[in-house]
Engineer: 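Okay, handing you the structure first.
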Amino acid sequence: MLKVAYERLRLPLVYASIAIVVAVLYLDSFLGPVKDGLLPAAIGVLLAFGIQSLQNLEKQGLESFTGAYTTALEAVPELSKYVEHDREVTDIHVIAATGWTTVRQVLPTICKASSAKRIRITLNVVDNAGPFADVYPGHWGTEVDHTLQRVREQFSDPRYEVVVNAYSYLPAVHGILLNNEYLLLGFFGWDTASGRPELSGAERPHRLYRRRDTTSTQLFEVFDAWFDHGPQRQIAAIHAADPAG
């Protein structure tokens with residue numbers, strides 16, 4: 001009840017205090033000794049509300065910028081907004097399973113939204129020849145091959161610079177990092193609906209974070225560490241400095 005009363009009275013108190021300050025300044029001779037008590041009280045109220053407003057702004061700045069999504073695909077329209085004003089470069093880092101959903105339904109929308117002269121994409125997918133290949137869903141191997149073919153066809157325009165890496169570790173982190181600033185992050189998990197545990201990534205819940213939010217720092221560190229340092233090998237390069245492309 002006190003909180004509700006405070007919210008209702010806050011603006012009227014501020015406006016009344018401003019009116020008192022103005023009245024004291026312009027009606028000095030008419031107020032007499034009353035002004036000596038009114039002015040400090042009004043200024044005190046304004047200072048209190050001013051300090052509180054600054055504290056609220058600071059608090060909002062420290063809170064994580066997040067959006068919750070049932071699957072990675074649900075976040076694509078929101079992600080596209082963050083590249084609309086790119087002019088020189090749009091930089092996209094992806095950790096996926098096979099990358100098949102990414103190249104068909106995620107990257108085309110994001111790339112279309114960007115007006116940048118260059119779009120750099122680094123896509124990390126599972127290694128079919130890696131030590132954990134036997135625990136991957138059966139269709140993952142075929143999908144990786146389809147992804148590589150699709151990449152070569154879809155990003156033939158010189159505007160794109162694409163590198164595909166195959167990582168050899170059991171996948172844990174799933175996500176997309178845009179311009180080193182916005183991170184859509186999810187985690188691989190085991191789907192037991194069929195009775196046999198099976199890895200899944202893009203179909204699981206994801207959240208969207210902004211790097212400059214202090215409470216998101218650790219999550220960016222987790223993604224960056226796996227993206228940069230997880231054991232991997234390059235398997236394709238389109239318009240990049242690698243003869244394998």
Side-chain angles (χ1 to χ4, degrees), residues 53-99 101-103 105-126 151 155 159-167 169-189 200-232 234 237 240:
S53 298
L54 291 174
Q55 289 174 337
N56 288 338
L57 288 173
E58 182 181 16
K59 182 180 178 181
Q60 291 172 7
L62 294 175
E63 291 176 348
S64 291
F65 170 85
T66 59
Y69 303 91
T70 305
T71 67
L73 284 178
E74 287 185 4
V76 173
E78 185 68 21
L79 290 174
S80 299
K81 296 178 183 178
Y82 300 125
V83 301
E84 289 178 349
H85 301 294
D86 291 351
R87 292 296 175 261
E88 295 300 322
V89 179
T90 292
D91 199 28
I92 307 171
H93 289 178
V94 182
I95 299 178
T98 67
T101 300
T102 302
V103 299
Q105 297 176 272
V106 178
L107 293 178
T109 303
I110 294 175
C111 292
K112 184 178 180 180
S114 172
S115 299
K117 297 176 183 177
R118 288 189 302 148
I119 298 180
R120 293 195 302 246
I121 302 169
T122 305
L123 173 63
N124 290 1
V125 300
V126 296
V151 164
F155 300 109
R159 180 190 184 205
Y160 298 102
E161 180 181 311
V162 185
V163 172
V164 183
N165 298 313
Y167 54 81
Y169 53 86
L170 190 66
V173 178
H174 187 281
I176 302 171
L177 176 64
L178 291 181
N179 293 330
N180 204 35
E181 176 70 15
Y182 297 98
L183 174 63
L184 179 70
L185 184 66
F187 295 91
F188 282 89
S200 62
E203 302 81 10
R204 301 180 70 82
H206 286 63
R207 293 186 73 87
L208 184 61
Y209 301 94
R210 185 175 53 192
R211 186 180 289 274
R212 59 179 173 268
D213 293 324
T214 55
T215 52
S216 302
T217 300
Q218 185 181 25
L219 297 173
F220 277 85
E221 290 175 351
V222 169
F223 182 90
D224 291 340
W226 281 106
F227 186 88
D228 294 332
H229 306 303
Q232 57 191 271
Q234 188 178 109

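Just the heavy atoms: all of them, side chains too, but no hydrogens, waters or symmetry mates, feed the values below. When a residue number appears, it is its place in the shown sequence, counting from 1.
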Engineer: Mind listing the closest non-hydrogen atom pair of Leu219 and Leu183 along with its distance?
Structural biologist: O-CD2, 3.9 Å
Engineer: Is Gln232 reaching over with its side chain to a backbone N or O of Gly230, donor-acceptor style, under 3.5 angstrom?
Structural biologist: yes
Engineer: Can you spot which of Arg212, Arg211, Arg210 makes a side-chain contact (heavy atoms from CB on, under 4.5 Å) with Phe220?
Structural biologist: Arg211
Engineer: State, with a plain yes or no, whether a side-chain heavy atom of Val103 is found less than 4.5 Å away from one of Leu123.
Structural biologist: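 Val103 reaches Leu123 side chain to side chain.
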Engineer: Report the C-alpha separation of Trp226 and Asn124 in whole Å, then their side-chain angles, then the decisive distance to 0.1 Å, and conclude whether the side-chain contact (heavy atoms from CB on, under 4.5 Å) test is met.
Structural biologist: CA-CA 10 Å; Trp226 281 106; Asn124 290 1; over 6 Å; no
Engineer: Can you give me the closest heavy-atom contact between His206 and Leu184, atom names plus distance?
Structural biologist: CB-CD1, 3.7 Å
Engineer: For Cys111, does its backbone N or O pair with a side-chain atom of Ser114 as donor and acceptor, under 3.5 Å?
Structural biologist: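 No; judged by distance alone, with no hydrogens or angles, the pair does not exist.
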Engineer: Do Ser115 and Arg87 have side chains that get closer than 4.5 Å, going by heavy atoms?
Structural biologist: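 Side-chain contact under 4.5 Å: yes.
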Engineer: Spell out, as yes or no, whether a donor-acceptor pair under 3.5 Å connects the side chain of Arg204 to the backbone of Gly186.
Structural biologist: no
Engineer: Locate the shortest heavy-atom distance separating Asp224 from Leu177; write the atom from each residue and the value.
Structural biologist: OD1-CD2, 3.7 Å
Engineer: Does the side chain of Ile176 reach to within under 4.5 Å of the side chain of Val94, using non-hydrogen atoms?
Structural biologist: yes
Engineer: Taking the side chain from Glu74 and the backbone from Pro205, do they hold a donor-acceptor pair closer than 3.5 Å?
Structural biologist: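 Looks like no, no N/O pair under 3.5 Å.
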Engineer: Hey, could you give me the CG/OG1 distance between Leu107 and Thr102, rounded to the nearest 0.5 Å?
Structural biologist: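 OG1 of Thr102 is found 6.0 Å from CG of Leu107.
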Engineer: Please walk me through it: do Leu208 and Leu79 pass side-chain contact (heavy atoms from CB on, under 4.5 Å)?
Structural biologist: CA-CA 9 Å; Leu208 184 61; Leu79 290 174; 3.7 Å; yes
Engineer: Write down the atom of Tyr167, the atom of Val126, and the distance for their closest heavy-atom approach.
Structural biologist: OH-CG1, 3.4 Å
Engineer: List the steps and the verdict of side-chain contact (heavy atoms from CB on, under 4.5 Å) for His93 and Thr122.
Structural biologist: CA-CA 5 Å; His93 289 178; Thr122 305; 4.1 Å; yes
Engineer: I'd like to know whether Lys81 forms a salt bridge (charged side-chain N to carboxylate O under 4.0 Å, His left out) with Glu78, so could you lay out the CA-CA distance, the side-chain angles of the two residues, the decisive distance to 0.1 Å, and finally the verdict.
Structural biologist: CA-CA 5 Å; Lys81 296 178 183 178; Glu78 185 68 21; 3.4 Å; yes
Engineer: I need the minimum non-hydrogen distance between Asn179 and Val89, along with the two atoms involved.
Structural biologist: OD1-O, 3.9 Å
Engineer: Using side-chain contact (heavy atoms from CB on, under 4.5 Å), reason through Ile95 and His174 one step at a time and then give a plain yes or no.
Structural biologist: CA-CA 5 Å; Ile95 299 178; His174 187 281; 5.7 Å; no
Engineer: Tell me the closest heavy-atom pair linking Leu178 and Tyr82, and the distance in Å.
Structural biologist: CD1-CB, 4.4 Å
Engineer: For residues 105-120, which residue pairs pass the salt bridge (Lys or Arg N to Asp or Glu O under 4.0 Å) check, not counting sequence neighbours?
Structural biologist: Glu88-Lys117, Asp91-Arg120
